[in-house]
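Everything quoted here is computed from the prediction, not taken from an experiment. We count residues from 1, following the sequence as given.
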Amino acid sequence: MIAGLTDLLIAALLVIGGIFGLVGSWGLIRLPSTMTRLHAPTKATTLGVGGVLIASMIYFGRMGDAWGHELLITLFLLLTAPISCQFIAKSVIHRATPRSELPPTATGADWATVALGTDTGAGAGEWSAAAGEVDDRKAVDAPRA
């Protein structure tokens, strides 16, 4: 009875992981811009690979074999995917992408990287030495060179 439920759970995790992987791969190919394509591999594909790895942990745990490698891979994947997504997004913003091509933020405010800018002047806000904050009202809307 328990073996049958375990097999059913493993099969469900593999099917769900496969569906997430397929949707993530399809989104990576079909979405129109770099900023929207970031969501496919970092969310859907991460869940897909995570589902397959959890199914593998359950299977090998039931067989009495070691499953620590799958746990480490899952943790590494869940920690590194959002960080790499953020680095890719920042590089897209910093490579002179016009603001009109960036997707809107959820709050209606400007993207933090664009608002802060660099000390070269274009897009840079003015730092308040006392508060350690940026006054975004003084930020320049010109794209970077």
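- Under the salt bridge (charged side-chain N to carboxylate O under 4.0 Å, His left out) criterion, no residue pair touches residues 14-26, with sequence neighbours excluded.
- Sequence neighbours left out, not one pair with a member in residues 21-49 passes salt bridge (charged side-chain N to carboxylate O under 4.0 Å, His left out).
- Cluster partners of V15, using a side-chain heavy-atom cutoff of under 4.5 Å among ILVMFWY residues and allowing indirect links, are I19, V23.
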Determine all donor-acceptor pairs shorter than 3.5 Å in which one atom belongs to a side chain in residues 67-77; sequence neighbours excluded.
{"unit_1": "E70", "atom_1": "OE2", "unit_2": "S56", "atom_2": "OG", "d": "2.9"}
{"unit_1": "T74", "atom_1": "OG1", "unit_2": "E70", "atom_2": "O", "d": "2.8"}

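- Residues I10 and L53 do not share a hydrophobic cluster, defined by chaining ILVMFWY side chains whose heavy atoms lie under 4.5 Å apart.
- Closest non-hydrogen pair, L13 versus G51, comes out as CB-O, 3.7 Å.
- For R62, the salt bridge (Lys or Arg N to Asp or Glu O under 4.0 Å) partners at least two apart in sequence or on another chain are D7.
- Applying the side chain to side chain donor-acceptor pair (under 3.5 Å) test to residues at least two apart or on different chains, none of the pairs has a partner in residues 77-86.
- Listed by first then second residue, pairs satisfying side chain to side chain donor-acceptor pair (under 3.5 Å) with a partner in residues 10-19 number zero, not counting sequence neighbours.
- Residue G24 comes nearest to A40 through the heavy atom pair O-CB, 3.2 Å, listed as atom of the first residue, atom of the second, then distance.
- No continuous path of hydrophobic side-chain contacts links L5 to I54 [ILVMFWY only; heavy atoms under 4.5 Å].
- Within the hydrophobic cluster formed by Ile, Leu, Val, Met, Phe, Trp and Tyr side chains joined at under 4.5 Å, directly or through other members, F87 is accompanied by I83.
- Under the 4.5 Å side-chain heavy-atom criterion for ILVMFWY residues, no single connected hydrophobic cluster contains both L14 and L47.
- If you chain together hydrophobic residues whose side chains sit under 4.5 Å apart, V49 and I29 never meet in one group.
- Evaluation of the side-chain contact (heavy atoms from CB on, under 4.5 Å) rule for A89 yields M35, L38 as partners, not counting sequence neighbours.
- Applying the side-chain contact (heavy atoms from CB on, under 4.5 Å) criterion to A44, with sequence neighbours excluded, gives F20.
- Shown here are the side-chain hydrogen bond (donor to acceptor under 3.5 Å, both in side chains) partners of T36, two or more places apart in sequence or in another chain: S33.
- Applying the side chain to side chain donor-acceptor pair (under 3.5 Å) test to residues at least two apart or on different chains, none of the pairs has a partner in residues 16-26.
- Atoms CG and OG1, on L79 and T46 in that order, are 11.0 Å from each other to the nearest 0.5 Å.
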